[in-house]
Amino acid sequence: MARRSLAAVVLAAGRGERMRSSMPKVLHEIAGRTMIAHVLDTLGELAPQRAVCITGPGMDRVAAGAVPAETAVQAEPLGTAHAVLAARDALAGFDGTVLVLFADTPLLRASTMQALADSLADGAAVAVLGMRPSGANQYGRVVQDVGGKPQAIVEWRDAGPDVRALPVCNSGIMAVDGRCLFSLLERVGNDNAKGEYYLTDIVALARADGMGTALVEAAEEEALGINSRAELAGAEAAMQRRLRERAFAAGVTMPMPETVYLSYDTRFGRDVTVGPNTVFLTGVTVEEGAEIRAFCHLKGAIVRSGARVGPYARLRPGADVGPGAGVGNFVEVKNAVLEAGSKANHLAYIGDAHVGADANIGAGTITCNYDGFRKHRTEIGAGAFIGSNTALVAPVTVGPGAVVGAGSTVSRNVEADALVVERAQQTERKGWAARLRMRRNRQSSGD
Ligand code: UD1
Ligand code: MG
């Protein structure tokens with residue numbers, strides 16, 4: 001049977017008071033991306049004919065993140081049924097299946113969304129995505145008939161002990177026949193504990209009209225709805241487990257995976273090794289065979305094949321560590337390219353710079369890239385050797401093959417293959433220290 005056309009409504013408005021936040025709930029992040037972006041991205045896999053995101057007034061950032069979905073504004077957060085009604089204009093004339101998704105349920109997989117939509121195929125008007133959580137929770141409960149079909153959904157606050165004891169909980173996600181969605185929603189009232197228009201009421205309304213309902217069950221983890229910071233942390237943990245699985249599948253070795261933090265977009269080649277306690281923020285690519293040792297912090301960086309980073313290194317946006325290059329302990333790299341085979345092995349800051357192939361940056365080297373007003377660039381030629389504790393005062397160029405003596409402050413360009421040393425003359429007085437000691441000893445014995 002041909003699949004019916006699909007539209008989706010993603011609910012992103014509402015107060016989310018339990019987050020105790022000045023930011024809309026659905027803009028809180030999991031693995032470096034907002035909850036709403038996770039949902040829209042997953043939805044994209046289903047390629048719905050229409051997608052409408054319901055935001056609240058002034059939630060411009062939600063709307064901006066919601067592309068390519070259309071947005072409709074729910075003027076007041078009067079409940080989930082009221083929110084779906086805001087999609088009426090955007091869905092005018094649509095008679096396929098409407099998937100109602102919650103932006104606060106970011107772990108739902110595309111295959112589950114599709115299974116729910118497909119469950120309307122045998123004529124049901126409303127399909128509910130249920131779950132069986134292992135622990136105590138305050139989800140709505142699905143009341144089933146003898147055949148297991150949903151008869152009603154009762155919100156936790158409105159349920160008595162018998163209903164609260166029911167095993168199947170409501171994930172909130174539904175698929176509804178577009179031909180009857182809005183007529184059902186119009187009949188939802190707000191006579192309940194919260195005084196809200198509950199989407200969940202359409203199940204009983206459909207049944208009262210003799211329409212069929214269906215239940216699809218999802219794993220608890222996928223259907224996790226986030227209403228508090230603690231639940232946000234729970235979803236983060238689940239997402240991290242998924243991302244680690246993805247990294248393993250890509251061929252990454254991680255001896256202590258539970259200590260590695262990944263972003264939704266972290267990309268790994270084969271045979272990468274990641275040591276314990278490393279943090280990958282957004283925009284990081286680690287190519288084949290590269291090694292990230294323990295305690296590193298990376299964001300917006302690329303580590304090319306066979307490179308070695310850490311332990312205790314920090315790569316900031318624009319860091320590009322070339323093939324076989326090395327960035328060692330307590331080295332910070334920002335907006336800088338380290339070409340193949342170059343090395344900064346200890347205690348350095350390389351910012352707004354280009355380091356040529358096989359150059360060696362000694363311990364304590366600093367690119368002084370900021371003059372208090374603007375940033376300036378440092379250019380280090382291929383094969384150059386920068387002695388320890390060098391300050392490179394940008395803008396400045398050290399030519400290929402040049403050597404900078406340790407302790408220099410280099411503020412003028414250095415020619416290729418030159419030696420530059422910028423230090424005070426070293427003076428030496430023979431026997432001076434011995435004479436001083438003798439004098440001091442005489443003074444103290446005379447005390
Ligand atoms: C909802 C369900 C509950 C289910 C739970 C699962 C209803 C009435 N209840 O409760 O049965 O167990 O999800 O997580 O549906 N929203 C709006 N406008 C509003 C209110 C909410 O857009 O006026 C959006 C929120 O941004 C959120 C989603 O709808 O993404 C769900 O709202 P929320 O307040 O979190 O509902 P729950 O109390 O979690
Ligand atoms: Mg919720």
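Only heavy atoms go into these numbers, but all of them, side chains included; no hydrogens, no water, no symmetry mates. We count ligands from 1, going down the list as the structure has it; atoms in each ligand are counted the same way.
- Residue contacts with ligand 1: Met131 is placed with no nitrogen or oxygen under 3.5 Å of a nitrogen or oxygen of the ligand (distance criterion only).
- Summary of contacts: the protein heavy atom closest to atom 1 (C) of ligand 1 is Phe102 CE2, 3.6 Å.
- Of the candidates Pro24, Ala86, Ala13, Gly140, Ala13 brings a heavy atom nearest to atom 25 (C) of ligand 1.
- In this structure, atom 16 (N) of ligand 1 has a protein heavy-atom contact shorter than 4.0 Å.
- More than 12 heavy atoms of other residues, nucleotides or ligands shown are found within 6.0 angstrom of CZ on Arg187.
- At a 3.5 angstrom cut-off on N or O pairs, Val26 does not count as close to ligand 1.
- Close contacts between ligand 1 and Ala103 involve ligand atoms 30 (O) [criterion: under 4.0 Å to a heavy atom].
- Under the 6.0 Å cut-off for aromatic ring centres, Phe280 and Tyr264 do not qualify, their centroids lying 6.0 Å or more apart.
- The distance criterion of under 3.5 Å between nitrogen or oxygen atoms is met by Gly79 with respect to ligand 1.
- For ligand 1, the atoms sitting less than 4.0 Å from at least one non-hydrogen atom of Ala83 are 17 (C), 18 (N), 22 (O), numbered in the order shown with element in parentheses.
- Looking at ligand 1, you won't find any N or O of Tyr139 less than 3.5 Å from one of its N or O atoms.
- Inspection of the Asn192 and Asp158 side chains reveals no N or O donor paired with an N or O acceptor under 3.5 Å.
- A side-chain donor-acceptor contact under 3.5 Å links Lys25 and Asn227.
- Within Asp104, the N, O or S atom at minimum distance from the Mg ion (ligand 2) carries the name OD2.
- Protein heavy atom at the shortest distance from atom 4 (C) of ligand 1 is Asn170 O, 3.1 Å.
- Counted within 6.0 Å of CD on Glu76, heavy atoms from surrounding residues, nucleotides or ligands total 12 or fewer; the atom is thus considered open.
- Donor-acceptor pairing under 3.5 Å is recorded for the side chains of His376 and Asp371.
- Cation-pi check for Arg141 over Trp156 is not met; the charged atom does not lie both under 6.0 angstrom from the ring centroid and within 45 degrees of its normal.
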> Given the rule in the side-chain contact (heavy atoms from CB on, under 4.5 Å) test, do Arg109 and Arg242 qualify, once you have shown the distances and angles that lead to the verdict?
Replying inline: CA-CA 11 Å; Arg109 293 182 195 273; Arg242 277 191 196 178; 3.3 Å; yes

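- Comparing heavy-atom distances from atom 38 (O) of ligand 1 across Lys194, Arg141, Arg18, His82 singles out Lys194 as nearest.
- Counting non-hydrogen atoms of other residues, nucleotides and ligands closer than 6.0 Å to CZ of Arg267 gives a total of 12 or fewer.
- Those atoms of ligand 1 that come under 4.0 Å of a heavy atom in Thr80, given as number and element, are 7 (C), 8 (C), 15 (O), 21 (C), 29 (O), 31 (C), 32 (O).
- Atoms of ligand 1 found under 4.0 Å from any heavy atom of Pro77, numbered from 1 in the order shown, are 23 (O).
- Looking at Asp118, Asp95, Asp177 one by one, the single match for salt bridge (Lys or Arg N to Asp or Glu O under 4.0 Å) with Arg4 turns out to be Asp177.
- Contact atoms of ligand 1 toward Asn227: 35 (O), 39 (O) (distance under 4.0 Å to a heavy atom of the residue).
- Remark: distances from the non-hydrogen atoms of Thr105 to ligand 1 are all 4.0 Å or more.
- Between the side chains of Thr278 and His297, no donor-acceptor pair is found at a separation under 3.5 Å.
- Atoms of ligand 1 found under 4.0 Å from any heavy atom of Ser171, numbered from 1 in the order shown, are 6 (C), 14 (O).
- Scanning all protein heavy atoms for the shortest distance to atom 30 (O) of ligand 1 gives Leu11 O, 3.0 Å.
- Taking 2.8 Å as the threshold, Thr105 does not count as a candidate ligand of the Mg ion (ligand 2), since none of its N, O or S atoms lies below it.
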>> If you apply the rule side chain to side chain donor-acceptor pair (under 3.5 Å), what do you find for Glu29 with Thr34, and how did you get there?
In response: CA-CA 4 Å; Glu29 290 187 352; Thr34 63; over 6 Å; no

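- The proximity of Ala12 to ligand 1, defined as any non-hydrogen pair under 4.0 Å, is limited to the backbone.
- Of the polar atoms of Thr200, none of the N or O atoms is found under 3.5 Å from an N or O of ligand 1, judged by distance alone.
- If you number the atoms of ligand 1 from 1 as listed, the ones under 4.0 Å from a heavy atom of Gln74 come out as 17 (C), 18 (N), 19 (C), 22 (O), 23 (O).
- Those atoms of ligand 1 that come under 4.0 Å of a heavy atom in Lys25, given as number and element, are 35 (O).
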>> Using the rule given for side-chain contact (heavy atoms from CB on, under 4.5 Å), can you reason through Ile173 versus Leu116, listing the C-alpha separation, both sets of side-chain angles and the distance that settles it, and then say yes or no?
In response: CA-CA 9 Å; Ile173 313 303; Leu116 187 69; 3.7 Å; yes

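- A 6.0 Å sphere centred on NZ of Lys299 holds no more than 12 heavy atoms belonging to other residues, nucleotides or ligands.
- The shortest N or O to N or O distance between Glu155 and ligand 1 is below 3.5 Å.
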